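Some notes on the structure that comes next.
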Protein chains: 2
Amino acid sequence: MKVLWIFAHPEQRSLNASLRDEGLRALTEQGHEYRLSDLYAMNWNPVVSREDYALDPDERLKVAGASATALTEGRLSPDILAEQEKLIWADAVVLQFPLWWYGMPAILKGWFDRVFTKGFGYGITDSGGKVLRYGEGTLAGKRALAVLTVGGRESAFGPRGVNGDIQHTLFPLQHGTFWYAGLAPLPPLVFYSADRMGEAEYSTAAKELRRRIETLGTTEPVPFRTQNGGDYDEDLVLKPELAAGRTGPDVHLG
Amino acid sequence: MKVLWIFAHPEQRSLNASLRDEGLRALTEQGHEYRLSDLYAMNWNPVVSREDYALDPDERLKVAGASATALTEGRLSPDILAEQEKLIWADAVVLQFPLWWYGMPAILKGWFDRVFTKGFGYGITDSGGKVLRYGEGTLAGKRALAVLTVGGRESAFGPRGVNGDIQHTLFPLQHGTFWYAGLAPLPPLVFYSADRMGEAEYSTAAKELRRRIETLGTTEPVPFRTQNGGDYDEDLVLKPELAAGRTGPDVHLG
């Protein structure tokens with residue numbers, strides 16, 4: 001497989017960097033090809049701006065429209081284009097980051113803000129005008145694995161933990177970003193109590209990461225519903241007979 | 001009241017900027033004081049780095065510890081300190097942004113990543129060593145109102161909408177960030193179909209915003225449970241008799 005590994009940690013001597021190196025070694029040993037987007041090392045700019053789309057100085061910036069036009073007309077900023085090309089090249093994406101304030105570090109959030117332009121990450125229609133998202137789109141058929149470290153202990157991120165269920169915390173990424181753009185999200189790999197990891201815990205974590213790399217192509221993706229598969233009505237609301245009487249993020253699991 | 005208005009949109013001729021100006025006028029007319037952090041206008045740097053903490057070049061960056069030490073020793077970057085001082089000054093925070101990929105624009109996410117340092121936004125303990133968070137901490141007693149624009153229609157963000165319930169999408173911000181740091185989150189103000197807003201819709205939106213500004217000091221906050229109020233056990237799991245048999249973000253509402 002061809003794997004794009006996106007890494008977002010500011011310290012090359014960190015737990016995250018060690019795990020990244022472990023993962024990349026595993027990929028090579030298993031005969032895969034990879035490319036690495038090490039966002040801090042690249043000095044990645046995460047801030048959407050009019051410069052991204054080479055807009056005329058007087059033109060009002062409307063992000064969606066401007067990004068779609070720039071994509072079509074070949075005027076997207078080269079750093080955005082390079083990332084889009086890596087995504088097109090890849091069969092799978094690994095997204096590795098420390099969880100900060102229950103989300104991605106800004107440098108990584110801004111990778112999506114800038115790279116997933118209209119016409120690439122969203123706003124895709126088929127020849128009949130049907131909107132392709134949630135399981136369809138430019139990136140359909142590819143896989144995505146989130147690998148993250150969390151300072152807190154596992155119990156606090158469980159179904160009734162004080163920090164909220166980690167699966168729900170990751171819903172905007174797994175469902176709202178990966179799946180929205182067509183990428184099939186795998187169950188995330190979460191390392192808890194990351195600030196207190198000793199040698200034994202690290203060894204266990206590295207093994208677990210290797211196991212997930214080995215099964216990157218075969219692990220069953222999270223079974224989110226597709227938008228166009230008939231489960232949602234004209235208002236994009238889940239039909240009443242499905243997950244009947246229930247609400248919450250899990251109703252979008254088929 | 002003293003209000004800190006945090007604004008994160010790249011275009012001063014946008015719907016968001018018009019709503020911001022409307023809100024700031026309302027504050028003035030109602031006799032409140034405000035400060036504005038217009039992140040794009042300030043050219044705010046959202047990327048956590050070792051420079052934030054004036055670390056020695058050879059020292060390994062551990063973000064939590066380094067930020068706490070820099071805070072204590074007065075070595076935090078001046079731009080971070082300035083935002084912390086505004087927060088200390090304020091009675092209420094308004095956080096205004098367009099929802100991008102089901103989260104904040106990177107420039108705003110990185111405002112939290114950098115400003116909510118250890119010892120300020122988290123890692124606060126009382127004299128007995130008890131951890132103060134989720135309703136307690138440096139910012140306890142202050143209020144927070146999220147004001148956001150969303151491209152999609154309202155039905156798609158409802159309890160069974162394809163995009164997920166907006167209340168759950170905002171849980172990492174409302175509960176995991178505001179409430180974690182002590183800020184009492186008010187029900188968010190969400191403007192849907194923002195890309196298709198005509199004059200009539202804008203007028204309605206502006207009125208609704210003014211109404212929310214008028215009631216900024218009196219609106220009942222979202223009733224999230226406190227961590228130390230007895231609702232969670234030693235593993236920080238919600239006690240079984242509370243929201244019995246249920247899971248999901250709403251179990252943290254008391």
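Throughout, a chain's letter reflects where its sequence line sits, starting with A, and its residues are numbered from 1. The model shown is predicted, which means the values in this text are computed figures rather than measured ones. The basis for the numbers below is simple: all heavy atoms, side chains too, and nothing from hydrogens, waters or symmetry mates.
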**Prompt:** Which one, B:N163, B:I107, B:L39, leads in non-hydrogen pairs under 4.5 Å with chain A?
**Reply:** B:N163

**Asked** Picking from A:F171, A:F224, A:Y122, A:Y180, which has the most non-hydrogen pairs under 4.5 angstrom with chain B?
**Response** A:Y180

**Request:** Under the side-chain hydrogen bond (donor to acceptor under 3.5 Å, both in side chains) rule, collect the residues that match up with B:Q12, sequence neighbours excluded.
**Result:** B:R20, B:D38

**Message:** Counting heavy-atom pairs closer than 4.5 Å to chain A, which one of B:L236, B:V162, B:T247 comes out on top?
**Reply:** B:V162

**Prompt:** Pairs in or reaching into residues 111-125 of chain B: which pass salt bridge (charged side-chain N to carboxylate O under 4.0 Å, His left out), with residues at least two apart or in two chains?
**Reply:** B:D52-B:R114, B:D79-B:R114, B:K109-B:D113

**Item:** Any donor-acceptor pair under 3.5 Å from B:K142 side chain to B:L87 backbone
**Value:** yes

**Message:** If you take the centroid of each ring, where Trp contributes its six-membered ring, are B:W100 and A:F112 closer together than 6.0 Å?
**Reply:** no

**Asked** What residue, out of A:R133, A:E11, A:R160, has the most heavy-atom pairs lying under 4.5 Å from chain B?
**Response** A:R160

**Message:** For A:F157, give me all partners under ring pair (Phe, Tyr, Trp, His ring centres under 6.0 Å), at least two apart in sequence or on another chain.
**Reply:** A:Y192

**Item:** Side chain to side chain, A:W44 and B:V47, heavy atoms closer than 4.5 Å
**Value:** no

**Item:** Residue selection (most heavy-atom pairs with chain A, distance under 4.5 Å) from B:P98, B:G110, B:S155, B:G103
**Value:** B:S155

**Item:** For chain B, the option from A:R50, A:K62, A:R246 that forms the most heavy-atom pairs under 4.5 Å
**Value:** A:R246

**Message:** Shorter than 4.5 Å, heavy atoms on both sides: which option in B:G65, B:P105, B:A106 has the most such pairs with chain A?
**Reply:** B:A106

**Request:** Let me know if B:Y40 has heavy atoms under 4.5 Å from chain A in its side chain, its backbone, both or neither.
**Result:** side chain

**Message:** Out of B:D233, B:D235, B:L108, B:V63, return the one with the most heavy atom pairs under 4.5 angstrom to chain A.
**Reply:** B:D235

**Asked** With a 4.5 angstrom heavy-atom cut-off, which part of A:K239 approaches chain B: side chain, backbone, both or neither?
**Response** backbone

**Message:** Counting C-beta onward and ignoring hydrogens, is there a side-chain heavy-atom pair between A:F178 and A:L173 closer than 4.5 Å?
**Reply:** yes

**Ion pair B:R225/B:D231, N-O distance below 4.0 Å** = yes

**Message:** I want to know whether A:Y134 and A:H175 have ring centres closer than 6.0 Å.
**Reply:** yes

**Polar contact flag, side-chain donor to acceptor under 3.5 angstrom, A:T226-A:E136** = no

**Message:** I need the residue from B:L238, B:T169, B:D195 with the largest number of non-hydrogen atom pairs under 4.5 Å to chain A.
**Reply:** B:L238

**Asked** Considering only heavy atoms from C-beta outward, does the side chain of A:L61 approach that of B:R13 to under 4.5 Å?
**Response** no

**Min side-chain heavy-atom separation B:F116-B:L139 under 4.5 Å** = yes

**Prompt:** Is the side chain of B:D56 donor-acceptor paired with the backbone N or O of B:E59 at a distance under 3.5 Å, no angle test?
**Reply:** no

**Item:** Which atoms of B:A64 approach chain A - backbone, side chain, both or neither, heavy atom under 4.5 Å
**Value:** neither

**Request:** Give, as side chain, backbone, both or neither, the part of A:R153 having an atom under 4.5 angstrom from any heavy atom of chain B.
**Result:** side chain

**Message:** Heavy-atom pairs under 4.5 Å with chain B: which of A:P10, A:G164, A:G161 has the most?
**Reply:** A:G161

**Closest-packed option against chain B by number of heavy-atom pairs under 4.5 Å, given A:L15, A:V251, A:V48** = A:V48

**Prompt:** Going by residue number, which parts of residues 144-152 of chain A are within reach of chain B, meaning a heavy-atom gap below 4.5 Å?
**Reply:** none

